[in-house]
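Report on the following structure.
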Amino acid sequence: MRYSVKGLATSSGIAIGPLWIYHPIHISVDQKPIGDAQAEWQRIETALAMAKSQLETLQAKALEMCGTAEAEIFQAHALFLEDPELLGLLKEAILSQKENAEYGVNQVVEHYAQMLLALEGEYFRARATDVRDVGRRILYCLAGIRLEDISLPDQPVIIVSEDLTPSDTVQFDRNKILGFCTVKGGPTSHTAILARSIGVPAVVSAPLPMDKIQNGTIMVLNGSTGEIGITPDEAELEVMRKKQAEGQTQWTKMLEAAQNPAVTYDGKKVEVVANIGSAQDARQAVKNGAEGVGLLRTEFLYLDRQSLPTEDEQVAIYSEIFEVMGDRPVVVRTLDIGGDKSVSYLGIEAEANPFLGWRAIRMISERPEILRDQLRALLRAGINSDLRIMLPMVSNLEEVEMARAIYDEARQSLLNEGKTIAQKVQFGMMIEVPSAALIASHLAELVDFFSIGTNDLTQYTIAIDRTNERVAKLASPFHPAVIALIAHTIRAAHAKGKWVGLCGEMAGDPLGTPLLLGLGLDEFSMAPKSIPAVKQLLRSLNSADCEKIAEHALTLSTTAKVEAFLKESVSNL
Ligand code: PEP
Ligand code: MG
């Protein structure tokens, strides 16, 4: 049977191919009598520990495949497993009510999911999906089933499902997925975010009659419009193949052009570099035309393990990345852990406001050896590199002085040991706390460069927890206060002859490109996948026009006005 439906466009691109219906394995959650409540509780504890360890692995996988924000989804899942209320309710169900583990877990998780659903709205529906995802993981662990054992057919398919959880989405083998299509789910769900970040076309909320479709049926899916065709006729297929080919040609052209430097229409050269978290990202970055790395997040080295990585382990990992990047510059950010990224062996305690707490550079006064070892490893690994070291989360001058002293000590100790070390090293810092932006002219005296982290700068300027999606909508880097801080930082650094990069998400958003160019930004650092489009846009811009755009944007009073003005400016270019 041939028909078409329209869902919500979620992740752009066109997929054509056989569909494959994914039915999650059903675990019976019937109520059953139990013999020994204590033994049943033991099963729960074992399953929770297994689930936690699986989520840590998934977190690392998501960090490698997608990025920090995506990895945080699984960290939130792991935190839910430790929620005292959840554990209390489970204990009550098993030890007091003498329920069997499966029944108890299902009851408790459904209780949470229903509470979220009662609040109504896309955001809470998405969170209910997350909670059920964790619940299903616990049930699978109780049954000894591992999600990663689910295998896809040999040929690539469009995965069709009632709903997909974030765990399903990253668990599938990327090479075997042409697209995702779900009957439920919203465009801001975590599954949608993951689909976008792994670059798979996706449509959600598609009213598909699941009982009438079969595995292997040909489907066309347009992730940019939400249109879906089942058993399309030859004419329809032809149109979609043409569109797919056009999209690919356009991408190939952009990718080819991305290998050249980004020079504006009036001849201003801007550096376009990548944010990476692994050697795999580095390879992708080079393919996509990165002229270097503007942010190497080093957290991945410290996650998913029981003790600090040794200096030698670090040397091996950095060397692999430096080798991929050759003589291109690589900005390595020293450890930025704490906040929302916790690691048990570092002694990070639960805090009421982790983003305002013992995080990143703030750990260093208590644990200087962490920074010292990391700097030693970088100096040893970077002998043939254009190495640039960058401190995260600086909020005052003393932190930079302290880190510099540790850096000098690390250098000296290596020289004393007769080791060869990197010579061409720049020492810089991130501007991601408003206090640092405001004292940028003092800080600029101590460093070679700044890189503005607009993700955190926005969070701290507007007082919005970036992991709280209920308020995250308000967190725009185009808020007049944030762009004023960016402008101030660039001016202050340039006055002292220092260069400025920007490595928050804003750098890869074409809406921000004319503004940042006009403000005089020297280096744009972004996810590898954004590079070709931003380079193309930069080539079409005139820096003098962009200066005027920036000047006007700085006079506007609201985020909405700034965004509307920039949209209009981009469309008039
Ligand atoms: C930022 O805060 O903008 C940034 C790039 O760092 P992260 O997203 O890793 O906190
Ligand atoms: Mg940050």
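Numbering of ligands and ligand atoms starts at 1, following listing order. If you're wondering where the values come from, they're calculated on a predicted model, not measured in any experiment.
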| Per-atom contacts of ligand 1 with G504, taking only distances under 4.0 Å to non-hydrogen atoms | 3 (O)

| message | Tell me whether K269 at atom NZ has more than 12 heavy atoms from other residues, nucleotides or ligands lying less than 6.0 Å away. | response | yes

| field | Derivation of the ring-ring contact (aromatic ring centres under 6.0 Å, His included) call for H77 and F80 | value | CA-CA 5 Å; H77 284 197; F80 179 58; 8.3 Å; no

| N, O or S atom within E432 nearest to the Mg ion (ligand 2), by name | OE1

| What part of T454 sits under 4.0 Å from ligand 1 if we count only heavy atoms: the side chain, the backbone, both or neither? | backbone

| query | Thinking salt bridges, do K567 and E563 make one under a 4.0 Å N-O criterion? | reply | no

| note | Near C503 (heavy-atom distance under 4.0 Å), the atoms of ligand 1 are 5 (C)

| said: At a threshold of 2.8 Å, where the distance has to be below it, does the Mg ion (ligand 2) have an N, O or S atom of D456 nearby? | reply: yes

| message | I'd like to know if E523 pairs up with R388 as an ion pair, taking the criterion as any Lys NZ or Arg NE/NH1/NH2 lying under 4.0 Å from an Asp or Glu carboxylate oxygen. | response | no

| Is any NZ, NE, NH1 or NH2 atom of the basic residue among E445 and K498 found under 4.0 Å from an Asp or Glu carboxylate oxygen of the other? | no

| Picking from R297, R362, R359, what satisfies salt bridge (Lys or Arg N to Asp or Glu O under 4.0 Å) with D336? | R359

| Touching ligand 1 at all, R333? Heavy atoms, strictly under 4.0 Å? | yes

| field | Atoms in ligand 1 flagged as close to M430, the criterion being non-hydrogen separation under 4.0 Å | value | 4 (C), 5 (C)

| field | L295: numbered ligand 1 atoms lying under 4.0 Å from its heavy atoms | value | 5 (C)

